[in-house]
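Written below as structure tokens is the structure these notes are about.
We count ligands from 1, going down the list as the structure has it; atoms in each ligand are counted the same way. The basis for the numbers below is simple: all heavy atoms, side chains too, and nothing from hydrogens, waters or symmetry mates.
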Amino acid sequence: MGIVVQKFGGSSVADVDKIKNVARRAVATKAEGNSVVVVVSALGDTTDDLVELAHQISEKPPEREMDMLLSTGEQISVALLAMAIHALGHEAISFTGYQVGILTDDSHTKAKILDVNSERILQELNKGKIVIVAGFQGVTIDNDITTLGRGGSDTTAVALAASLKADKCEIYTDVDGVFTADPRIVPDASLVSEITYEEMLEMAATGAKVLQLRSVEYGRNNGVIINVRCSFTDCAGTVVKEEDQGMERPIISGVTHDASEGKITIFGVPDRPGIAAKVFRPLAASNINVDMIVQNVSYEGFTDISFTLGLDDVPRAEPTIQEIVRELGARGYDYNKDIAKVSIIGAGMKSHPGVAAEMFDVLAKNEINIQMISTSPIKIACVIDASNVETAVRALHEHFQLSEEAVTSETL
Ligand code: ASP
Ligand code: MG
């Protein structure tokens, strides 16, 4: 009998009726002859509410205690879902991450899964039970509870699928799957039926919120095919997998955007070897993730360095940056929070020159100034003024003909 892992996000278990809906889906999957493992997130906005509560007590709560608090959200949903399945006359058993041996490192609030001990899960599946596992949480070797970073239940599901050698890993959410752009900005965005791990990684890293970045990495590293689907429809969703020969491959698979970053520019930095390291090492030491970096051509021995970072990290980064400015004898720094990143992603651009130029043309025609550019073999990202982001996304989506009717694809 094959094992199916199904993960349901917070919006899929936001209230009692939705929890009952999840119970019905799990039971139906079991009735088809599968062993079923269900991973659930906390109900609705529970995690946000818990974060808010913690911040009412302390500006900077200890991260270990934060994990202790946040992991309670998922403990509520697993118990309620098990009850809902029992109410349908089927057997289910709920577990915390600790109980099923999801071993992580000790970086609290963003822990990485090191190992999964699937023995207990297999025992219960063999008894014919539906096994329900709390997403987003694990335990260190010292038995301290950890969480896996926001959206981490996706990673729990993929890690369980890998460890159980599941036939399927389905990630259920409140949208039909991965779209060619955010449908709230581009109403005729189309559903992407298949996408490579590499493209999905770029999409997740540039603002697509449907899957946690780390879950895609875990899937790629362990060969878990991920199917993103909707909890409320029968849509087949999006399949994330290795690139293969027969795969339908448009040049551009999607347009993403991200307004959650700010830009810092350090002015008048002396231009000599080792300076970039002096700027970025202290930021790394403070655990601040820097995204794009641009260093300008130097003028009379001085240069400007700009970089982007998460808006949430700015309060923690500013003292470090002030220190860097002082230490290097730089002229000063400037912080701009009104920026956004717009990106186009597509494995097809590897074999199609000129895609970057096309993107820049589209932005120019819409009088949108580009502040920074970064590329990978399958991505071009531009930082622009935040006020232009919707225009940019729509114009790029239209130019690359990504809407339902216009979709043009080629097979390798
Ligand atoms: N409940 C956690 C969060 O809101 C984990 C998840 O939903 O995947 O981030
Ligand atoms: Mg999620």
Q: Measure up the F280 and F307 rings against each other and bin them: parallel (under 30°), tilted (30 to 60°), perpendicular (over 60°).
A: perpendicular
(Q) Just verifying a value: how many Å separate T147 OG1 and D67 CG, rounded to the nearest 0.5 Å? (A) 3.5 Å
Q. Can you find a non-hydrogen atom of G10 under 4.0 Å from ligand 1?
A. no
Q.
Do the side chains of R326 and E323 get close enough for a salt bridge, i.e. N-O under 4.0 angstrom?
A. yes
(Q) Looking at E261 and K341, would you say the former's side chain and the latter's main chain have a donor-acceptor pair under 3.5 Å? (A) no
Q) Would Q212 count as a contact of ligand 1 if the rule is a heavy atom under 4.0 Å away? A) no
Q.
Quick check on G9 - does any of its heavy atoms sit under 4.0 Å from an atom of ligand 1?
A. no
Q) Distance only, no hydrogens: is a donor on one side chain within 3.5 Å (strictly under) of an acceptor on the other, for S343 and H257? A) no
**Q.** Test applied, side chain to side chain contact (heavy atoms under 4.5 Å, CB included); reference residue, V40; option that passes from T156, L80, I132
**A.** I132
Q: Pick, from K7, E74, R150, the option with the minimum heavy-atom distance to atom 4 (O) of ligand 1.
A: R150
Q: Flag D154 as yes when one of its N or O atoms lies below 3.5 Å from any N or O atom of ligand 1, and as no otherwise.
A: no
**Q.** Atoms in ligand 1 flagged as close to G151, the criterion being non-hydrogen separation under 4.0 Å
**A.** 3 (C), 5 (C), 6 (C), 8 (O), 9 (O)
Q: Identify, by atom number and element, the atoms of ligand 1 in contact range of T47, meaning under 4.0 Å from any of its heavy atoms.
A: 1 (N), 2 (C), 3 (C), 4 (O)
